There are 4 protein chains.
Amino acid sequence: MRKEPRQNRSRATVEAILRAGARVLSDAGWAGFTTNRVADLAGVSIGALYQYFPDKLSLVDAIRRRHIGDCLSVIREYKDAGLPPAQFAETLVRAMIATHSVYPGLHRVLLDEAPSSDDHRNPNSEFEIEYLGYYMQAISSCRKRGPSAADHTTSLIISDAIDGVIHNAARRNKLGDPVIQTELARLIRLYLEDTSDVSAANVP
Amino acid sequence: MRKEPRQNRSRATVEAILRAGARVLSDAGWAGFTTNRVADLAGVSIGALYQYFPDKLSLVDAIRRRHIGDCLSVIREYKDAGLPPAQFAETLVRAMIATHSVYPGLHRVLLDEAPSSDDHRNPNSEFEIEYLGYYMQAISSCRKRGPSAADHTTSLIISDAIDGVIHNAARRNKLGDPVIQTELARLIRLYLEDTSDVSAANVP
Amino acid sequence: MRKEPRQNRSRATVEAILRAGARVLSDAGWAGFTTNRVADLAGVSIGALYQYFPDKLSLVDAIRRRHIGDCLSVIREYKDAGLPPAQFAETLVRAMIATHSVYPGLHRVLLDEAPSSDDHRNPNSEFEIEYLGYYMQAISSCRKRGPSAADHTTSLIISDAIDGVIHNAARRNKLGDPVIQTELARLIRLYLEDTSDVSAANVP
Amino acid sequence: MRKEPRQNRSRATVEAILRAGARVLSDAGWAGFTTNRVADLAGVSIGALYQYFPDKLSLVDAIRRRHIGDCLSVIREYKDAGLPPAQFAETLVRAMIATHSVYPGLHRVLLDEAPSSDDHRNPNSEFEIEYLGYYMQAISSCRKRGPSAADHTTSLIISDAIDGVIHNAARRNKLGDPVIQTELARLIRLYLEDTSDVSAANVP
DNA sequence: GATGAATGAGTATTCATTCAT
DNA sequence: CATGAATGAATACTCATTCAT
């Protein structure tokens, strides 16, 4: 950020810009994300936007930092709870859907479309590593045993399947449908409960 | 399309443009998809491109029509085969991954980023109806029973979970990883085999 | 200037702004001379700058007035000294170099790049008239005779040649080189000593 | 340049842009040099300008390359002629004035104001080295003796004095004045003819 | 008075599309 | 028919200047 907002007025401005930016990204995608449109929607002048964000990329980075923080919070909250698979799946799915409900398209646009200074698309980006790390902890905690090498693959499958279902539900405007939520949770539960998997081989 | 290519040369030109377009969409996304870039890569002049496609949208529509046709073929092929869940899941996943391997990013860009004249995002678009219809047939065929209302939800969950896993694998350059393929198939198989689901309630 | 600074604090503020302005003009040229940058460097707020200077032009005019005053002082000091050509040239060159050493680029930027309300580029500007007038006096005093019409041309040649050599030395970071100083003085001396010139014709 | 003009039409476009650019730089300086203004004056659209020049800097570089070529030609032409000082000075000054007469402000703007990719301001820029090299050859050729280390300083003084007088004459709209030309030539001749200089020490 | 947040006209650059050759 | 030069609306970003606090 170009400069730290000190007065109340400027903090409100920055907040409005971030909200408007998330809205525009979610609704119009990266191609429709123009700085003038964001400023308009935020109700500030284009100059005000550039007081705080030196360029378009830094704005989208700020929006991403905030959104990724939200995503990490969700999984971080349950990673050590030791809930049984049925409850873990149910809780995780509900929380993820809630996180994606305000700006349904935001996650996809931030991860797939929008460019980034730190390349978060990289499988070794800080975000991916932290995110999958939490998932692996959650899985071993859920299965009441120590970590296993195969948990990495399990994490990928679970997080990506959830991602796919939520993202397509958002596309179809069905994020609020309780049947989707129940069935997605069932998909995850069945996968977690099955012990005939490759990971079993690694746990003596 | 502005005019039907009749001569061989014209057909080759159109083919080159479509291939180049798919490549650019897959590699550079909608934001990097410029008509001049496509013409360059296709080895034709920008004027030639506009001979066959009246505007950018008609070009992306043509690319989409072709890609969607490929996707439909995959599921259409197995919808009446009556394979047991394990084999159906295995076969379906393998075929889907193969379909996405030539232009790994194309599917996502076409469905999520690129605008469209006929709104294919619409849950009632021709494509979605046909696609999900095939899935529903495949599911009831797989379960050796007649169709059920709940098969619609099952179709959504399965197709969207596959979509999510494949798309993120592509993003991580892991589309060829056999472990991903096996585990994705297992996820789908477990879900199909479980009969404690809501759909059971709908079948007397 | 918008208002005369009366208190000590105000005078210090104005002084800081003028110094910062000269520094920025010298280092970054007219294109890099922004009011916010000057205010920053001066350690005052942009609002304070606009308290004393109603706009950017008035600021650059104030800087120019001060610099031109310094230049006039140099030549005014020696115009009636009646030094022989060798000493006059030596002294003049040394003093001119000293005057340009604090803000080496300032003179050029003020005269060539920066716009001005009173058009100082105009050959009939107050500054040019006074400056060349002093030169003409110095020349006739140096040659121990009365003024001549041709002294105007001689003044132009001498002042412009000095200007060119000093300005290019500054550009090459060689303003401090004593060889440059010696040779420039020699150039001027030879020209002043030569009596076969047109000016001779004009003095009966 | 972004692409080589092949057809006649495009060669004319590039030529018009270069001429218009030189005119704008000369008349309005770097600060007034806007790409839209250049395109307007050239009678082409802004898009056409960017077909040939990828950005503003590349345009000013092209203008500079051409102008510097002209300057080098002048001195290159006389460097080996072996003319006596009086004629050499006369000829050089006349040619230099002619070169600066089409776009009187251009030289100053290109060397002092406009930024450059290859930093031609650098005393070690290709241009400076070649330019001063020619001057040194011309001086030793003019003095009918071999090269001397002090010729470097002599070159600086002569070229910079000429630069200063021409540039200020241009500023005063007096480039065409024959008295200026005569007197400038005299200044240079006297300096070249004087053998009491430091360079004498280096010639046994 | 002093501050610095906000404004918005102006500038560089891109890219879909047209049309003379 | 094919080519590629030309067009110009749209978009990112800057900076002189104002004014609420």
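In what follows, chains are A, B, ... by sequence order, proteins preceding strands, each numbered from 1. Everything quoted here is computed from the prediction, not taken from an experiment. These values consider heavy atoms only, across backbone and side chains, with no hydrogens, waters or symmetry-generated copies.
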*Using the closest heavy atom to pick a nucleotide of DNA chain F for each, name whichever of L49(D) or S45(B) lands nearer the 5' end.*
S45(B)
*Tell me: CG of L59(A) to C1' of dT11(F), nearest whole Å?*
15 Å
*asked:* Testing the 3.5 Å rule here: is there a donor-acceptor pair between the side chains of H107(C) and H167(C)?
replied: no
*When all nucleic acid strands are considered with a 4.0 Å heavy-atom cut-off, which category describes T35(C): base, sugar-phosphate, or nothing?*
base
*asked:* By nearest heavy atom, map I46(A) and G43(D) onto DNA chain F; which one lands nearer the 5' end?
replied: G43(D)
*Pair assignment for dT11(F), Watson-Crick or G-U wobble, requiring both distances under 3.5 Å*: dA12(E)
*Nearest heavy-atom neighbours spanning V60(B) and A114(B)*: CG2-CB, 3.9 Å
_N8(A) CG - dG4(E) P separation (whole Å)_ = 15 Å
_D55(D) CG - dT11(E) C1' separation (whole Å)_ = 14 Å
*Under 4.5 Å between any side-chain heavy atoms of Y52(C) and V44(C), yes or no?*
no
*Rounded distance (nearest 0.5 Å) linking atom CD1 of I63(D) with atom CG of L18(D)*: 6.0 Å
*Less than 3.5 Å between a donor and an acceptor, one on the side chain of Q51(D) and one on the base of dA6(F), is that the case here?*
yes
*Looking at R9(A), does any N or O in its side chain come under 4.0 Å of the phosphate oxygens OP1/OP2 on dC19(F)?*
no
*Contact class for V44(C) vs. all strands (heavy atom < 4.0 Å): base, sugar-phosphate, or nothing?*
nothing
*What does F53(A) touch in the nucleic acid at a heavy-atom separation under 4.0 angstrom: a base, only the sugar-phosphate, or nothing?*
nothing
*Report the residue (A31(B) or G47(C)) whose heavy-atom-nearest nucleotide on DNA chain E is the more 5′ of the two.*
G47(C)
*asked:* Determine whether R37(A) and D40(A) satisfy the following criterion, side-chain contact (heavy atoms from CB on, under 4.5 Å), listing intermediate values before the conclusion.
replied: CA-CA 5 Å; R37(A) 189 167 172 182; D40(A) 271 6; 5.6 Å; no
*With heavy atoms under 4.0 Å as the rule, sort F33(C) into base, sugar-phosphate or nothing.*
sugar-phosphate
*Using a 4.0 Å heavy-atom cut-off across all strands, classify R37(D) as base, sugar-phosphate, or nothing.*
nothing
*Send over the distance from K56(A) NZ to dA10(F) C1', rounded to a whole Å.*
11 Å
*Give a yes/no on whether any side-chain N or O of S10(D) is located under 4.0 angstrom from OP1 or OP2 of dA6(F).*
no
_For atom CG of D40(A) and atom P of dT11(F), their distance in whole Å_ = 11 Å
*Tell me: CZ of R11(D) to C1' of dG4(F), nearest whole Å?*
15 Å
*Do D27(D) and F33(D) come close enough that some side-chain heavy atom pair is under 4.5 Å?*
no
*In whole angstroms, how far is the P atom of dT14(E) from the CG atom of N36(D)?*
13 Å
*Taking OH from Y50(A) and P from dT11(F), how many angstroms apart are they, rounded to a whole number?*
12 Å
*Mind checking who dT21(F) pairs with, Watson-Crick or G-U wobble, both distances under 3.5 Å?*
dA2(E)
